[in-house]
Structures are given as structure tokens and as C-alpha cells.
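Report on the following structure.
A quick note: this is a predicted structure, and the numbers were derived from the prediction, not measured.
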Amino acid sequence: MPPADRKVPVFSFDGVSVSFGETTVLRDLDLQIPGWGITVVVGPSGSGKSTLVRLCDRLIDPTSGVIRFRGTDLRSLDVLEVRRKIGLVFQRPAVFSGSTGDNLSISGCTDPARHREVLAAVGLDGEELLLREAAALSGGEAQRMCLARTLLVGPEVLVTDEPTASLDHRSARILEGLAKDAARSGTPVLWVTHDIAQMRRLADHCVVLAEGRVIATGSPQQVLDSPDPAVQAVLHIEDHDDQAASWPDPDSPAADQD
Amino acid sequence: MNSAVGILGLAASALLVAAAVALSAWAGLGLGRSLVGASLRALIQLLALGLILGAIIAPGRSLAWSWAWVMVMIGFAGWTVHRRVPEVRGLGVLSALAFATAALATLGVLFGFGVFPVNGQTIVPLAGLMIGNSMTATVLVSRRVVAELRDKAPEIEARLALGQPSKAASAPYLREALRTALIPQIETTRAVGIIFLPGAMVGLLLAGVDPMDAVQVQIVVMYLVLGSVAMTTSIVGLGLMRRLFTPEHQLVHLPRKNDT
């Protein structure tokens with residue numbers, strides 16, 4: 001990616017609000033996601049994190065306001081083309097019936113050699129996995145397979161919605177490493193989480209959401225040192241929750257159940 | 001009443017309802033009121049229908065009355081589909097259009113090839129059979145499509161996020177819903193004559209028609225139903241996809257039935 005692209009925000013939110021009926025999920029959001037590195041969005045449940053992700057991929061449109069992708073209004077771009085440029089990884093891996101190869105082919109790429117290549121890139125053994133039933137993959141393997149499927153489309157940016165929330169500790173660390181690799185190779189990453197420790201490990205830039213509003217932005221240190229009691233409340237609550245959480249059995253298919 | 005059954009016959013058959021009520025009371029099922037209510041309602045509805053049909057299809061009456069009755073049936077069937085699947089806006093109109101299209105096609109074939117003469121006695125019952133069966137299948141396919149798209153929303157959105165158009169992203173789920181709606185009809189067609197005698201044939205046999213003549217009528221009726229069910233469910237299934245996705249390939253949020 002040319003260095004000039006780094007200066008253009010990958011996403012800009014300008015006065016964005018989202019309401020579902022009577023409920024307002026995001027309120028007048030003004031936010032820029034830098035065109036490089038990993039931007040981590042943290043916030044408690046119901047703060048609007050997933051809505052933010054869905055907006056980026058145009059799975060929903062804002063009730064008001066404008067979202068720009070690299071400076072261009074998202075709505076003026078071809079939606080299918082935009083979605084191929086924005087690689088989305090969901091919280092729960094979407095595994096379809098059939099083999100891992102069948103699942104990867106949903107990306108539009110049916111070349112087994114390319115499948116093996118991209119599986120290797122996410123740390124999976126393609127030779128062994130391609131013919132295996134995708135339903136038999138462990139939670140961590142399934143999520144990495146989903147990332148591989150997303151990478152097959154050739155995205156310019158990665159957007160992830162709590163991709164490690166239902167994974168064991170080891171699988172979560174592998175996925176974090178892959179996000180770092182992507183960012184290092186020039187693909188900006190928008191990583192949504194409620195895990196403050198993960199924010200510390202990953203973030204080049206941080207955004208703190210609460211009740212549908214941005215309450216802090218900056219480097220991890222700036223956010224952690226924020227004197228704002230509302231920010232400290234979010235960071236404290238989420239950090240406490242993370243420490244209290246226990247990890248499920250690694251590599252068990254049941255490990256990805258909430 | 002000039003029918004072969006007559007009032008005495010009707011009264012005698014009501015004894016069977018009384019037996020069912022007695023059984024319900026004996027077993028403590030608490031269904032007595034429902035059994036009596038449903039039986040009385042059916043009696044009143046069918047007697048009213050008999051009177052109306054008698055007026056509509058009377059010899060010498062203009063065929064316009066029969067076609068008008070068909071339109072009423074189509075409108076009522078569309079309204080019923082809307083009522084059963086209220087989550088999808090405009091489904092009643094879509095279904096009514098599908099029933100009208102299927103009626104034109106199927107009755108067009110039957111009357112166009114002279115299988116039956118065009119008169120009130122053929123138009124109304126044939127359209128009724130076709131619309132009634134199509135309505136049941138349409139409700140089934142609509143409920144199934146709505147359930148599939150609601151339950152499989154994460155899977156569908158994962159496909160959309162990979163850049164698939166909504167048509168491709170929803171195709172496996174629509175296919176499954178159409179199969180679910182059509183398989184009972186295919187099974188019924190396959191089992192006819194071996195496991196059960198269908199209503200139209202039973203009616204003709206009771207009326208003293210030659211069995212081979214009754215069979216021929218029944219075959220035509222079954223093919224009519226099969227064709228119209230396939231046609232209406234396909235039209236409604238494809239139309240549903242246009243209503244459940246935006247032009248921007250976004251899945252429309254589907255409220256639960258209780259939320260509407």
C-alpha cells in the first residue's frame with residue numbers, strides 16, 4: 001500500500017446515528033478510523049460496537065449521517081464491490097455444510113492451491129483440513145477458517161466483531177497475531193472487543209464507546225490515563241469482567257458456545 | 001333439500017359428532033365445545049356456500065358471476081396468507097397475484113384444451129380446488145422462508161459480507177423452503193389411489209359416476225393442484241426474496257410474529 005494511503009482515514013463517521021424503531025443504538029457519531037495499524041474499539045455490551053461493524057460493511061445503513069470509506073461516501077460506491085474490499089470477521093464463525101474446501105469456495109475462489117495457501121497463512125494445515133467436514137472444526141479452527149475465507153476475497157481492510165469472544169485463550173492469541181501480521185503488511189484493522197487486556201496487547205489507536213457515543217479516542221496509553229470518570233468506568237468494568245472470565249476447553253467444538 | 005343425503009341424512013351424520021363429544025367428555029379432553037362449535041360453523045358456512053353457489057352457477061346465469069366469485073376467492077386467499085404471515089409487508093397482494101397467475105395458467109390449459117366445458121359448474125370448483133391447495137402451500141412456504149431467513153441471518157450476512165448478491169446468498173434457504181412446501185404435494189400425488197381415495201373421486205363415486213370416469217377427473221384435478229402449487233410457491237418464494245432484501249443487498253430485519 002502506498003504510504004500516502006496511510007494518511008487517509010479508512011472510515012470516517014460524520015454525525016452518524018442509528019435507530020431501530022424507538023431504540024437509538026448510535027448517537028451522532030463523529031469518528032475517524034486511521035488508514036494504518038490496528039484500531040481497537042472497546043465498550044460494554046449494548047454500546048453499539050456491533051452496529052458500528054455492520055455499518056462499515058453496509059449490512060445496515062445509518063438512520064442519519066454519512067460514512068466515508070477512504071474519503072468516499074459509502075453509499076455512492078457499489079455495495080458488493082465495497083464488501084469485497086472490507087473483510088468482515090464475525091464473533092461467531094459462520095460455518096456452512098460441506099467440507100472446509102466447500103466453505104472456502106463461498107468466497108468465489110475455488111482454487112485448492114490458493115485455499116491451501118491462505119489456510120497456511122492463518123496457521124492451518126490445508127492438506128489435512130480441506131477435505132474435512134467444516135462442522136467438525138474446533139472453535140478456534142473454524143474462526144481461522146472464516147478469516148482465511150475473508151482473506152481469499154482480497155480485502156483492503158479487516159473489520160472484526162469480537163472475533164475471539166467465544167474462543168479459548170490460545171486460539172485468541174493466534175488470531176491476535178494474525179491481525180498484527182495484517183496490519184504490519186499494510187492492511188488496516190478495525191478490531192472490536194470488550195476485552196481491555198486485548199486492547200492493551202493490540203491497539204495502535206483506541207476508541208471507547210458507551211451508550212452509543214464515543215467517549216474517548218487516542219493511543220492506548222492516552223485512553224488508559226484518561227481522567228474522565230465515564231472512560232475509567234468502562235475500562236474498569238470491562239477489565240474486571242475479563243479477569244473474572246474463565247477460558248473454555250481449548251479446541252473443543254463446544255468451546256465456541258456462549 | 002333435494003340432495004341424495006337429505007335432512008335426515010345430515011341429522012344422522014350429526015350423531016357422529018355427538019359421539020365425538022361424548023368421547024371427549026368421557027376422556028376428560030375438554031373439547032366438547034370446540035367440536036360442537038366447529039361442526040356448527042362448518043354447517044352454516046357450507047349451507048351459505050351452497051346457497052351462494054346455487055345462485056352463481058345456476059343454468060343461464062352469466063359466467064361473469066362465476067369469474068367474480070373466483071376473484072373473491074383469490075382476494076380472500078391473499079388476505080389469509082397475509083394474516084398467517086404478518087411479518088412480511090405486501091405478502092397478501094403478492095400471493096393474490098400469484099394465485100391469479102396460476103389460475104389463468106391452469107384454468108387456461110383445462111378450458112383451452114377443452115378438458116372441461118367452460119361453465120359455472122366447472123369454473124368455480126376447479127378454481128376453488130386450485131386456490132385452496134395453493135393457499136395452504138403458500139402459507140407453508142412463506143412461513144418457512146421467513147423462519148429460515150430469520151434463524152439463518154448470521155449465515156446469510158456472512159455470505160453477503162463476502163460480496164455475494166442477495167439472490168445468491170439466499171438461494172440455499174429459498175430452495176430448502178420450496179422443497180419443504182412441495183414435498184407433501186408430491187407425496188400425496190405419489191400415494192393417491194393406494195393409500196387414500198381423494199375427495200373429488202369419493203364424491204363422484206358416491207354420486208354414482210363410473211369409476212374410470214371418476215379416475216380421469218381425479219387425475220386432471222391432481223395435476224391441476226400440483227401445477228398450481230408449484231407455480232404459486234415459486235412466484236411467492238421469489239417475490240419474498242425481493243421483499244426481504246433491500247436493493248442494496250441488506251437483509252431486512254424480521255420481527256417475531258408476536259412483535260408485530
Side-chain angles (χ1 to χ4, degrees), chain A residues 18-23 25 50-51 53-62 74-98 102-109 134 142-143 145-155 158-161, chain B residues 85-91 144-183 237-238 240-260:
Chain A
V18 176
S19 300
F20 298 109
E22 302 283 298
T23 313
V25 184
S50 292
T51 303
V53 166
R54 292 161 62 75
L55 283 171
C56 290
D57 214 34
R58 287 208 66 199
L59 289 174
I60 54 169
D61 282 328
L74 257 182
R75 291 207 202 206
S76 69
L77 300 168
D78 179 81
V79 66
L80 299 180
E81 206 172 302
V82 161
R83 286 184 186 153
R84 282 189 281 269
K85 287 181 179 172
I86 301 166
L88 197 58
V89 180
F90 294 89
Q91 181 174 342
R92 282 174 167 272
V95 177
F96 304 105
S97 59
D102 296 334
N103 268 262
L104 292 175
S105 295
I106 290 172
S107 66
C109 169
Q143 192 61 297
M145 186 273 288
C146 288
L147 175 60
R149 193 170 59 197
T150 300
L151 294 176
L152 274 172
V153 183
L158 274 179
V159 179
T160 69
D161 184 8
Chain B
V85 192
E87 298 96 321
V88 186
R89 280 185 196 165
L91 182 58
R144 185 77 195 176
V145 164
V146 167
E148 281 279 308
L149 264 58
R150 183 191 284 136
D151 298 344
K152 306 282 174 59
E155 281 187 24
I156 293 166
E157 291 201 326
R159 288 174 185 271
L160 293 173
L162 290 165
Q164 282 194 351
S166 53
K167 196 175 168 188
S170 59
Y173 312 98
L174 174 62
R175 212 162 31 231
E176 194 53 40
L178 286 175
R179 279 175 59 83
T180 307
L182 281 175
I183 283 175
L238 293 171
L240 268 173
M241 289 300 140
R242 293 174 70 91
R243 279 170 168 75
L244 297 177
F245 287 92
T246 70
E248 296 297 299
H249 305 275
Q250 294 162 330
L251 183 59
V252 171
H253 171 69
L254 286 167
R256 299 271 161 195
K257 196 176 178 183
N258 293 341
D259 300 342
T260 55

Please round to the nearest 0.5 Å and tell me the distance separating atom [atom1] of [X] and atom [atom2] of [Y].
X      : Y      : atom1 : atom2 : value
A/L104 : B/L162 : CG    : CG    : 10.0 Å
A/S107 : B/R159 : OG    : CZ    : 11.5 Å
A/F90  : B/E157 : CZ    : CD    : 6.0 Å

What part of [X] is in contact with chain B, defined as an atom under 4.5 angstrom from a non-hydrogen atom: side chain, backbone, both or neither?
X      : value
A/R149 : both
A/D78  : neither
A/I60  : backbone

Crowding at CZ, B/R179 (>12 non-hydrogen neighbours, <6.0 Å):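 Atom CZ in B/R179 is not packed in, count stays at 12 or less.
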
State, to 0.1 Å, how close [X] and [Y] come at their nearest heavy-atom pair, and which atoms those are.
X      : Y     : result
B/G163 : A/L80 : O-CD2, 3.8 Å
B/E248 : A/R83 : O-NH2, 3.5 Å
B/A158 : A/A94 : CB-CB, 3.4 Å

Side-chain donor or acceptor of B/Q250 paired with backbone N/O of A/R58 under 3.5 Å: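 Checked: pair present.
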
Most contacts with chain B, counted as non-hydrogen pairs under 4.5 angstrom, among A/V79, A/I106, A/V153: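 Max contact count across the listed options: A/I106.
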
